[in-house]
Structure formats: structure tokens, C-alpha cells
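This is a predicted model, so every value here is computed, not measured. In the text below, chain A, chain B and the rest are named by the order of the sequence lines, each starting its count at 1.
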2 protein chains.
Amino acid sequence: MLTIVSESAERALTSRLRLAVVRLNRRLRAQRTNSSVTLTQISALSCLHKCGPLTPGELAAKEGVQPPSMTRVIAALEELGYASRSPHPSDGRQAIVALTDDGRAYIEADISAREAWLDKRLAELDDEDRAVLARAADIIDRMAGNQN
Amino acid sequence: MLTIVSESAERALTSRLRLAVVRLNRRLRAQRTNSSVTLTQISALSCLHKCGPLTPGELAAKEGVQPPSMTRVIAALEELGYASRSPHPSDGRQAIVALTDDGRAYIEADISAREAWLDKRLAELDDEDRAVLARAADIIDRMAGNQN
DNA sequence: CACAATGGTTAGCATACCTCACTAATATGT
DNA sequence: ACATATTAGTGAGGTATGCTAACCATTGTG
């Protein structure tokens with residue numbers, strides 16, 4: 001139960017959380033076998049969907065990766081027809097990356113299918129466990145999102 | 001499918017949990033830049049430390065990876081002097097992977113240093129958030145299907 | 001004793017990060 | 001105004017981590 005966290009459990013939290021995240025991440029990546037869109041690309045698409053058009057640099061910062069890594073992701077999304085690159089109106093160095101209609105349709109309609117595995121696992125939990133995970137997702141996002 | 005227990009936050013749990021895990025995993029991997037031991041290797045070392053000597057196949061099963069993936073991890077750990085491979089006493093096909101003294105010293109004394117980043121983030125949370133993460137780690141581990 | 005099953009490794013492929021170095025565009029300082 | 005510095009993005013190359021398929025070597029069984 002939630003009320004008391006034992007001393008030993010508390011001490012091992014760092015290790016346990018790390019291992020849990022590493023392993024769940026592994027499982028999630030393994031689930032996308034017959035999809036042409038990778039987990040990283042989905043993550044970037046989600047970001048564009050949530051935030052609207054962004055420059056490559058902004059997108060890299062929000063995803064917490066270096067700009068060169070994002071360049072490749074954007075190129076792949078463009079290739080797939082899910083994102084477009086247009087010139088920045090006032091700064092010739094920058095570019096604007098936006099979802100295409102296809103990209104929007106994909107992220108809105110198709111992601112849930114690719115999340116079927118996780119969705120099924122979540123459905124097997126009780127409401128209380130789901131509530132814990134919902135809170136944990138927020139906490140983790142804050143921790144991972146804070147630079148440094 | 002998911003039972004909606006609390007409006008919009010709950011509805012997107014699958015997406016949010018996935019993104020949170022992907023991003024925290026990314027951060028954790030990024031923390032080990034000046035270390036020669038990678039996250040995957042640490043995970044395997046932890047497993048050996050907790051379970052004692054294992055065959056490569058057992059280790060792969062516990063970590064939830066395929067045997068060929070574990071072969072590489074074991075080779076790296078052997079190269080580093082943190083694990084040793086010895087022949088199985090009764091079955092010539094199998095091998096026994098065990099921590100060396102160096103490996104034990106490493107896993108016991110040094111891991112916490114490599115977890116400093118996460119440890120610091122966790123220390124910034126309040127007790128309630130930590131409790132949520134502790135429960136979440138257990139739930140996630142169960143979902144990811146880790147046989148202990 | 002031939003031969004299938006088992007355990008492990010090798011080879012080759014894909015994804016996803018990184019850093020370093022480069023180009024192009026913009027801002028700055030004398 | 002023009003040379004120089006800074007900034008944004010990209011390309012090249014490297015590492016880590018997973019996979020499957022194919023391959024030995026050993027084991028155990030008919």
C-alpha cells in the first residue's frame with residue numbers, strides 16, 4: 001500500500017525505477033514490428049500535434065535530443081509524408097516543421113492501434129493502479145523534461 | 001479498453017505513459033556518457049548480483065532479451081573484467097556467467113554514482129510523489145512481464 | 001550410432017542516440 | 001560597409017542495443 005514506504009524499498013527506488021523504465025521501453029519498441037513509423041517518430045509527431053508547427057531546434061529541445069538527431073527524424077517523417085518543412089518567414093536560417101493532413105490523421109487515428117499492447121496491459125489493471133500510473137507519468141515527464 | 005475514471009487525464013494514459021517512459025529512458029542513457037559501462041550492462045550486472053551465477057540463456061530470459069543480445073553484453077562485461085564465463089559442470093553446451101570481484105565491487109559501490117542524476121531528481125520530489133513512483137515501478141515491472 | 005533438440009555464438013541488419021565538422025544566414029563591432 | 005562572430009540546421013561517422021537467421025557443439029534418445 002501507498003501509505004508507508006519501507007526504508008529498504010525507498011533506498012532501492014532509484015534502481016527499481018530505472019530498471020522498470022528500461023524494460024518497459026524495450027517492450028514498447030518491440031511492439032511496433034509491422035509499422036513503418038518508429039517510436040521516436042511517433043514521439044515527435046505527438047509533439048507536433050500537441051504544440052503545433054515548430055522549428056527543428058525547438059522540436060529537438062522539447063524531445064530532449066540533439067539537433068542532428070532530430071534532423072534525421074524529421075527527414076524520415078517528411079519522406080513518409082507525415083510532416084512538411086517550410087521556410088521561416090523572417091529568419092532564413094530556420095525552418096518550420098508542421099504536420100501534414102496525413103500526419104494529423106495518422107497521429108489522431110492510428111496511434112491507438114500501435115499502442116494496443118500497452119493498452120491491453122493497462123486494461124488488465126484495476127482503477128487504482130491506473131491512477132498510480134497516471135500520476136507517475138506526470139511526475140516522470142516533469143523529471144525528464146526539466147533540463148539538467 | 002480503458003475504463004474512464006477521471007476525464008481527460010485518464011483518457012490519454014496510454015500515450016502519456018509511453019511518452020514518459022521513452023523520454024526518461026532517453027535521459028537515463030544520456031547520463032552515462034563518461035562511463036565505460038552502459039545501462040544495459042548495468043542491468044545485467046544487477047541481475048547477476050541479485051540472482052548469483054547464471055547461464056547466458058537464463059540471464060537473457062530474466063532481462064527479457066534474446067540470447068544473441070545477451071551474448072554481446074556478456075562479452076563486454078568479460079572484456080571489462082566484471083564478469084567471467086566458466087564451463088558448466090555437467091552440460092558442455094552451457095556456460096556459467098558470474099560476477100568477478102571487480103564486478104561485485106563495481107555493482108555494489110559504483111552504481112549509485114551513475115544513478116546520481118535520477119537520484120537527485122527523486123530527492124527533489126516529495127514523499128507522496130516518491131511513493132507513487134515506487135508503486136508505479138512495481139506495476140510497470142509486472143506489466144513488462146519480468147519474471148522477477 | 002544416427003539424428004533431432006538444446007544452448008550458445010556469429011553474422012548481418014535496423015533503430016536511435018551521440019559528437020564533430022560544415023554550410024548558410026543573421027547579427028555585431030569598428 | 002565589411003569582416004567577424006554567432007546561430008540554425010545538416011551530414012558524416014561512431015556507439016549502443018535490439019532483432020532474426022544460420023551455424024557449431026553437445027546432449028540425449030530412438
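Following rounding to the nearest Å, B:Glu63 (CD) and C:dG8 (P) show an atom-to-atom distance of 15 Å. If you take CG of B:Leu59 and P of D:dT17, they are 14 Å apart, rounded to a whole angstrom. The nearest whole Å value for the distance from the CD1 atom in B:Ile74 to the C1' atom in C:dG8 is 9 Å. Put simply, CG on B:Leu28 is 13 Å from P on C:dC18, counting in whole angstrom units. Remark: C1' of C:dA16 and CG of B:Leu39 are 14 Å apart, rounded to the nearest angstrom. Separating the CG atom of B:Asp91 from the C1' atom of C:dA5 is a distance of 12 Å, rounded to the nearest angstrom. Protein atom CZ of B:Arg26 is 4 Å distant from nucleotide atom P of C:dC17, rounded to whole Å. Nucleotide D:dT26 holds its P atom 13 Å from the CD atom of B:Gln94, rounded to whole Å.
For A:Asp129, the side-chain hydrogen bond (donor to acceptor under 3.5 Å, both in side chains) criterion is met by B:Arg135, B:Arg142, not counting sequence neighbours. With sequence neighbours excluded, no residue satisfies salt bridge (charged side-chain N to carboxylate O under 4.0 Å, His left out) with B:Arg72.
Counting only heavy atoms from C-beta outward, the side chains of A:Thr55 and A:Val97 never approach each other to under 4.5 Å. Side chains of B:Ser46 and B:Ile107 form a contact here, defined as non-hydrogen atoms less than 4.5 Å apart. Counting only heavy atoms from C-beta outward, the side chains of A:Ile74 and A:Leu59 approach each other to under 4.5 Å.
Atoms OH and CG, on B:Tyr106 and B:Leu99 in that order, are 12.0 Å from each other to the nearest 0.5 Å. Rounded to the nearest 0.5 angstrom, B:Leu45 CG and B:Thr38 OG1 are separated by 9.0 Å. Interatomic distance, A:Asn25 CG to B:Arg29 CZ, rounded to the nearest 0.5 Å: 7.0 Å. Atom OH of A:Tyr82 is separated from atom CD1 of A:Ile42 by 10.0 Å, given to the nearest 0.5 angstrom.
The list of salt bridge (charged side-chain N to carboxylate O under 4.0 Å, His left out) pairs with a residue in residues 82-100 of chain B, not counting sequence neighbours, reads B:Glu78-B:Arg85, B:Asp91-B:Arg93.
OP1 and OP2 of C:dT10 both lie 4.0 Å or more from every side-chain N or O belonging to B:Thr71. Within the structure, every side-chain polar atom (N or O) of A:Thr55 is placed at least 4.0 Å from both OP1 and OP2 of D:dA8. A sub-4.0 Å separation between OP1 or OP2 of D:dG18 and a side-chain N or O of B:Thr40 is present. Remark: B:Arg23 is not in phosphate contact with C:dA16, judged by side-chain N or O atoms under 4.0 Å from OP1 or OP2.
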Check nucleotides 2-6 of chain D against the protein and report each pair of N or O atoms closer than 3.5 Å, with its distance, or say if there are none.
none

Can you pull every protein N or O that's under 3.5 Å from an N or O on nucleotides 19-22 of chain D?
residue	atom	partner	partner atom	Å
D:dC19	OP2	B:Gln66	N	3.0
D:dC19	OP2	B:Ser69	OG	2.6
D:dC19	N4	B:Arg72	NH2	3.4

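Among the heavy atoms of the strands, none lies under 4.0 Å from A:Ser43.
Remark: B:Glu79 CD is loosely packed, at most 12 non-hydrogen atoms of other residues, nucleotides or ligands lying under 6.0 Å away. Atom CG of B:Asp101 has 12 or fewer heavy atoms from other residues, nucleotides or ligands within 6.0 Å.
Both B:Ala95 and B:Val22 lie close to DNA chain C; mapped to their nearest nucleotides by heavy-atom distance, the more 5′-ward contact belongs to B:Ala95.
One end of the helix from C:dC1-D:dG30 to C:dT30-D:dA1 points its axis 10° away from the other end's axis, with each axis taken from 5 pairs and the angle rounded to 10°.
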